[in-house]
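Here's the structure we're looking at; comments come further down.
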Amino acid sequence: MKVHLSSPDITSKEIEMVLKVINGRTLSMGPMVTRFEEMLADYLGVKNAVAVNSGTSGLHLAVRALGIGKNDEVITTPFSFIASSNCLIYEQALPVFVDIDPLTLNLDVNLIEEKITARTKAILPVHVFGHPANMDRVLKIAQRYGLAIIEDACEALGARYQDKMAGSEGDVSVFAFYPNKQITTGEGGIIATNDGQVASLCRSMRNQGRGHAGTWLEHQVLGYNYRMSELSAALGVAQMERIDEILEKRRMVATAYNTRLSYVNGVKLPYVAPDVQMSWFVYVVRFDADIDRNRIMHDMQSHGVDCRPYFQPIHLQPLYRDLFGYREGDLPICEYEAKQTLALPFFSNLSINQIDYVVETLQKAIKSL
Ligand SMILES: *Cc1c(COP(=O)(O)O)cnc(C)c1O
C-alpha cells in the first residue's frame, strides 16, 4: 500500500468555482479575491484580510508594514518552517531564537524577556502544527516592552487559544494555503489585521506599490507582485465554504491515530494544552530517546508510508550557520525534539484502512529495531 503524506480535499464544488472564473475571463484583480478576503476576515473576526500569493509573501509584507528593518531584532522560534524567520532576513532584521517548550513545541514564553534588548521590535510566535502559542503571555510581554506581534498562523487556520481564534490577537497575522495546509488555494496566503493602515500598506505593497485611487502607472511605495489570482481565490472560496467540514474530518483522523497509537510503546502522541482547540495541520508523533527516528522513518518509507521529520531546526540550516554562526547545542530542547519527531501521513480523506496500515507499519518498524 502507498500512503501519501498529504493531499488536498477537493470536491466538485471547488472545480465548478474555478471553472466559473476561467469562463468569466477575469483572471486577476477581480471580485473573487475580495470575496475570499471577506470570508477570511469574517471567519477570523478581524477587520481586514489581504490576500497574497503565498504565506511567505504575507510574512514579508507584515514585516515591512510594521517598519521592521536593518538590525532590528525579532524574537521567534527555531522550530518552524524556514519562512517564519527568512521574512526577517529579507529586510536585514535579525531573528533572535528562543528555545521551545517541550510540551507544545511552541516558543517557550518564559525565555522571551531575557532576550529583549533596546533593538527588539517584535515577537513572532509560530502556532506550530496548528497548536496556538501561549498568546496570553506573548501579549503581556509585548505590552510591557512596547513590542509588536506578528503571528505566523500559517499552520493554524481555525485553531483557538482559550476562546480566541489563532491569528486574531497579534498586530498582524499570516495564514498560508499551500496544498498541504488545512485549506488550499494552490499557492496563497492571507494577512489578517485590525489595523487599517497596516492593511492598506499591505494592499499597496502586494500590488507594485500602487495607491487606492491612483493610476495604473503611479507607484507610491516600494511594491511587489504578491497578488493572488482569481483562480486561486475561487478555489479558496469553495474551500472556506467547507471549512467546518474539512477541520472536523482532520480532527477525526487525528482522533483515529490517537486511539490506535496510545497502545504503542515508545511513541508519544501530539500534546494539546487544555485551553487550546487544535486545528490539525499535520500529525506529528515523538519517539522516546532510545528509539532511532531515522531508522523508523526509512523502514516506513520502504513500505510505502510517506513520512517526514518535521521540522529541522532553523538555526542549524546551512544558511543560518553561515549567517549567524549557529552550532549544534545552541538550542538544545529544539534540537532534541527535532531528532525525535515524525510526521505521519495526514489529510482529511485518509481512510481508516490507511490509518491502520500506517500504525501497523510503525509498530513493525519499532519491533524490528
Ligand atoms: C506553510 C508555512 C508558511 C508559508 O508557506 P508558503 O509555502 O509560502 O505559503 C510559513 N510559515 C509556516 C510555519 C508554514 O508552515
Side-chain angles (χ1 to χ4, degrees), residues 5-8 33 36 40 49-64 74-91 95 97-98 100-101 104-107 122-133 135 138 149-159 166-167 170 172-192 202 205-206 224-229 232-233 235-236 239 250 270 278-284 308-315 317 319-320 334 337-338 341 343 346-347:
L5 188 63
S6 76
S7 170
V33 166
F36 184 56
L40 259 299
V50 181
V52 286
N53 60 2
S54 77
T56 306
S57 319
L59 287 165
H60 183 203
L61 295 190
V63 168
R64 279 190 69 86
V74 176
I75 295 173
T76 188
T77 174
F79 192 72
S80 173
F81 180 61
I82 197 157
S84 67
S85 72
N86 275 354
C87 63
L88 302 167
I89 295 180
Y90 299 152
E91 295 302 319
F97 295 118
V98 297
I100 59 170
D101 173 344
T104 65
L105 304 176
N106 284 315
L107 87 174
I123 306 173
L124 195 160
V126 179
H127 307 309
V128 88
F129 304 154
H131 188 295
M135 287 304 289
V138 171
I149 298 172
I150 301 173
E151 284 182 75
D152 181 339
C154 288
E155 302 185 354
L157 183 67
V172 196
S173 304
V174 179
F175 294 84
F177 309 119
Y178 185 74
N180 71 338
K181 311 280 178 179
Q182 285 89 338
I183 68 159
T184 188
T185 58
E187 297 280 2
I190 273 275
I191 302 161
C202 288
M205 286 192 293
R206 81 168 164 188
Y224 306 85
N225 179 357
Y226 284 172
R227 296 185 302 261
M228 176 181 277
S229 81
S232 286
L235 184 46
Q239 292 262 281
R250 296 175 80 93
M278 182 101 174
S279 169
W280 292 90
F281 164 54
V282 280
Y283 188 87
V284 175
R308 216 168 280 175
Y310 263 52
F311 287 108
Q312 317 271 28
I314 293 177
H315 66 287
Q317 297 282 353
L319 171 70
Y320 283 72
C334 169
E337 297 300 340
T341 48
F346 186 77
F347 47 93

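All values reported here derive from a predicted model rather than from experimental measurement. Counting from 1, the numbers follow the sequence of the chain as shown. Every number for a ligand or one of its atoms is a count from 1 in the order of the listing.
Distance from atom 9 (O) of ligand 1 to its nearest protein heavy atom, with residue and atom name: G55 N, 2.8 Å. Of all protein heavy atoms, the one lying nearest to atom 14 (C) of ligand 1 is K181 NZ, 3.0 Å. With hydrogens left out, the protein atom closest to atom 7 (O) of ligand 1 is Y178 CB, 4.2 Å, a heavy atom. Of the protein's non-hydrogen atoms, E155 OE2, 2.5 Å is the one closest to atom 15 (O) of ligand 1. In this structure, the protein non-hydrogen atom closest to atom 8 (O) of ligand 1 is T56 OG1, 2.4 Å. The nearest heavy-atom contact from the protein to atom 12 (C) of ligand 1 is D152 OD2, 3.5 Å.
In the vicinity of V126, heavy-atom distances shorter than 4.0 Å reach the ligand 1 atoms 13 (C).
Using the six-membered ring where Trp is involved, F311 and F79 have ring planes that are perpendicular, over 60° apart on the 30 and 60° scheme. Note on ring orientation: taking the six-membered ring where Trp is involved, the planes of F346 and W280 are tilted (angle from 30° to 60°).
Tested against F281 for a side chain to side chain contact (heavy atoms under 4.5 Å, CB included), the candidates H127, K181, H131 yield a single pass: K181.
Surrounding OH of Y178 are at most 12 heavy atoms belonging to other residues, nucleotides or ligands under 6.0 Å away.
A distance-only check finds a donor-acceptor pair linking the side chain of S232 to the backbone of T185 [under 3.5 Å].
Side-chain contact between V126 and F81: absent, with no pair of heavy atoms (C-beta onward) separated by less than 4.5 Å.
Checking C154, S54, S80 against atom 3 (C) of ligand 1, the nearest heavy atom belongs to C154.
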